[in-house]
Amino acid sequence: MAVFSKLFVAFLTIAGSFASPIDLAELQNNATLVERRAPDFYIAGPRSDVRSLKRQATESPNYSQDYIASGANVQFTPNGNSFSVTFNTNSDFVVGRGWQTGDTTPINFDGTFKVTSGVGLLSVYGWSTNPLVEYYIMEDASNPPQQGTIKGTFTSDGGTYTVWEHQQVNQPSIQGSSSTFNQYLSIRTSGRSSGTVTVENHFKQWASYGMSLGSLNYQTISVESWGGAGSATQTVTKGGSGSTGTTGTGTGSGTGTGTGTGTGTGSTGACAALYGQCGGTGFTGATCCASGSCTAANSYYSQCLS
């Protein structure tokens with residue numbers, strides 16, 4: 001099990017529901033995101049093709065995600081299709097319930113999630129192989145990792161997600177202690193502790209940015225932290241119809257010589273939320289800010305900052 005273990009100081013000093021303002025210049029330079037710890041297990045079961053996967057009936061979890069680093073103060077209790085966790089730790093952990101082999105079926109989660117300090121993530125979390133990818137669909141987060149390249153935004157399941165991509169080099173993965181692979185992240189702007197995640201919408205949106213997945217390994221609803229305090233209780237199932245996602249916007253990550261482009265229809269209604277994108281070359285969304293002011297990082301990306 002490989003997890004995030006280091007962030008910039010800015011992300012470790014603010015508690016709350018969402019990320020603090022970010023140094024966009026550093027982000028556009030694809031700064032190193034994390035140092036990872038060795039996995040505690042390897043899944044060697046059957047693989048499936050992500051393009052053809054969708055379960056037709058509700059399926060209860062058959063797998064427990066239970067990585068807790070030595071010295072971490074974490075109490076994790078799995079029970080059928082539910083789990084609870086409390087934590088107050090400066091060490092890594094990722095715990096939750098899910099499935100040994102992932103697919104594109106909508107995932108239902110219901111419960112609570114509270115972070116009283118530091119970092120905490122509530123996510124759909126999993127891996128694929130060929131290519132090797134670690135992915136997150138963050139449904140709620142306090143000080144989430146936001147490093148790498150911003151690929152764009154899109155809407156699904158009643159919320160807006162920002163998509164990031166980051167490369168890990170010579171880091172632990174489900175295939176060994178020294179791997180090179182990409183991390184895909186969809187981070188929801190307005191967090192929630194219950195709902196349905198239409199996984200297929202995220203996979204399709206990632207693919208539209210050239211972020212391909214391969215054969216899916218395990219897939220879970222998990223809680224993660226590497227320095228924070230909080231608690232969660234969740235009940236997890238698969239099934240249902242999910243929602244239809246909408247075409248999002250694409251953004252470049254250049255440092256002055258990049259070639260950022262915009263795609264899709266964007267948003268023409270309300271102003272962008274705090275920390276949302278509000279401008280940049282090719283951007284077709286809202287250019288006003290509901291809170292804060294629109295601040296340019298470079299010609300390709302502007303963000304609402306307080």
Side-chain angles (χ1 to χ4, degrees), residues 1-8 30-53 61-72 74 76 78 83 85 87 89-104 119 121 123-138 144-149 151 163-187 199 202-203 206-207 209-227:
M1 173 60 230
V3 298
F4 297 109
S5 62
K6 287 186 180 178
L7 290 175
F8 291 113
N30 291 323
T32 299
L33 173 61
V34 295
E35 174 183 307
R36 307 168 61 81
R37 295 185 182 272
D40 64 326
F41 58 84
Y42 302 90
I43 298 297
R47 304 291 190 263
S48 300
D49 187 340
V50 64
R51 292 183 294 274
S52 63
L53 283 168
N62 58 17
Y63 174 75
S64 283
Q65 170 74 36
D66 189 7
Y67 170 75
I68 302 175
S70 176
V74 178
F76 170 56
F83 71 91
V85 59
F87 60 96
T89 183
N90 289 316
S91 299
D92 304 335
F93 78 90
V94 188
V95 299
R97 288 285 288 159
W99 296 266
Q100 289 184 348
T101 303
D103 61 22
T104 60
V119 175
L121 313 177
S123 310
V124 175
Y125 173 72
W127 288 82
S128 83
T129 56
N130 299 317
L132 182 63
V133 173
E134 180 184 39
Y135 66 86
Y136 290 78
I137 303 172
M138 296 186 191
Q146 292 189 340
Q147 310 304 321
T149 302
K151 306 297 285 189
V163 177
W164 298 74
E165 183 178 24
H166 177 264
Q167 186 179 63
Q168 291 285 76
V169 178
N170 296 328
Q171 297 294 336
S173 76
I174 59 170
Q175 291 188 337
S177 61
S178 182
S179 302
T180 296
F181 56 91
N182 285 347
Q183 297 168 319
Y184 300 167
L185 294 81
S186 290
I187 303 178
V199 175
H202 294 267
F203 288 3
W206 296 346
Y209 297 138
M211 299 162 60
S212 299
L213 289 167
S215 298
L216 297 182
N217 206 292
Y218 65 83
Q219 184 179 71
T220 64
I221 289 285
S222 287
V223 173
E224 177 173 355
S225 181
W226 50 91

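Below, each value reflects all heavy atoms present in this structure, side chains not excepted, and no hydrogens, waters or symmetry copies. Remember, predicted model here, so these are calculated numbers, not experimental data.
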For Leu132 and Ile174: C-alpha separation, side-chain torsions, deciding distance, then whether side-chain contact (heavy atoms from CB on, under 4.5 Å) applies. CA-CA 9 Å; Leu132 182 63; Ile174 59 170; 3.9 Å; yes
side-chain contact (heavy atoms from CB on, under 4.5 Å), that's the test. Do Glu165 and Val163 meet it? Break it down for me. CA-CA 7 Å; Glu165 183 178 24; Val163 177; over 6 Å; no
Could you walk me through whether Phe181 and Val133 pass the side-chain contact (heavy atoms from CB on, under 4.5 Å) check? CA-CA 6 Å; Phe181 56 91; Val133 173; over 6 Å; no
Apply the test side-chain contact (heavy atoms from CB on, under 4.5 Å) to residues Phe76 and Phe93: give CA-CA distance (whole Å), side-chain angles for both, the deciding distance (0.1 Å), then the verdict. CA-CA 10 Å; Phe76 170 56; Phe93 78 90; over 6 Å; no
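In this structure, CD on Gln147 lies 8.0 Å from NE2 on His166, to the nearest 0.5 angstrom. Considering CD1 of Ile221 and CD1 of Ile137, their distance stands at 8.0 Å, rounded to 0.5 Å. Taking OG1 from Thr129 and CG from Leu213, the interatomic distance works out to 10.0 Å, rounded to the nearest 0.5 Å. Atom CD of Glu134 is separated from atom CD of Gln183 by 5.0 Å, given to the nearest 0.5 angstrom. From Tyr136, atom OH reaches atom CE of Met138 across 6.5 Å, with rounding to the nearest 0.5 Å. Taking CG of Asn217 as the start and OG of Ser128 as the end, the distance is 8.5 Å to the nearest 0.5 Å.
Counting only distance, with no hydrogens or angles, the side chain of Ser225 and the backbone of Val119 share a donor-acceptor pair below 3.5 Å. No donor-acceptor pair closer than 3.5 Å links the side chain of Thr89 to the backbone N or O of Asp92.
Tyr184 is linked by a side chain to side chain donor-acceptor pair (under 3.5 Å) to nothing, counting only residues two or more places apart in sequence or in another chain. Taking Thr180 as the reference, Gln167, Val169, Asn170 meet the side-chain contact (heavy atoms from CB on, under 4.5 Å) condition, with sequence neighbours excluded. For Ser186, the side chain to side chain donor-acceptor pair (under 3.5 Å) test picks out His202, Trp206, with sequence neighbours left out. Here Ser179 pairs with Ser173 under the side chain to side chain donor-acceptor pair (under 3.5 Å) rule; sequence neighbours left out. The side-chain contact (heavy atoms from CB on, under 4.5 Å) search around Thr220 returns Tyr63, Gln65, Tyr125, Tyr218, Ser222, not counting sequence neighbours.
Minimum interatomic distance between Gln219 and Tyr135 (heavy atoms only, all atoms of both residues): NE2-OH, 3.0 Å. When every heavy atom of Asp103 is checked against every heavy atom of Phe203, the shortest pair comes out as O-CE2, 4.0 Å.
Annotation: side chain of Pro145 is in contact with side chain of Trp226 (closest heavy-atom distance under 4.5 Å). Side-chain contact between Val74 and Tyr67 is absent, with no heavy-atom pair separated by less than 4.5 Å.
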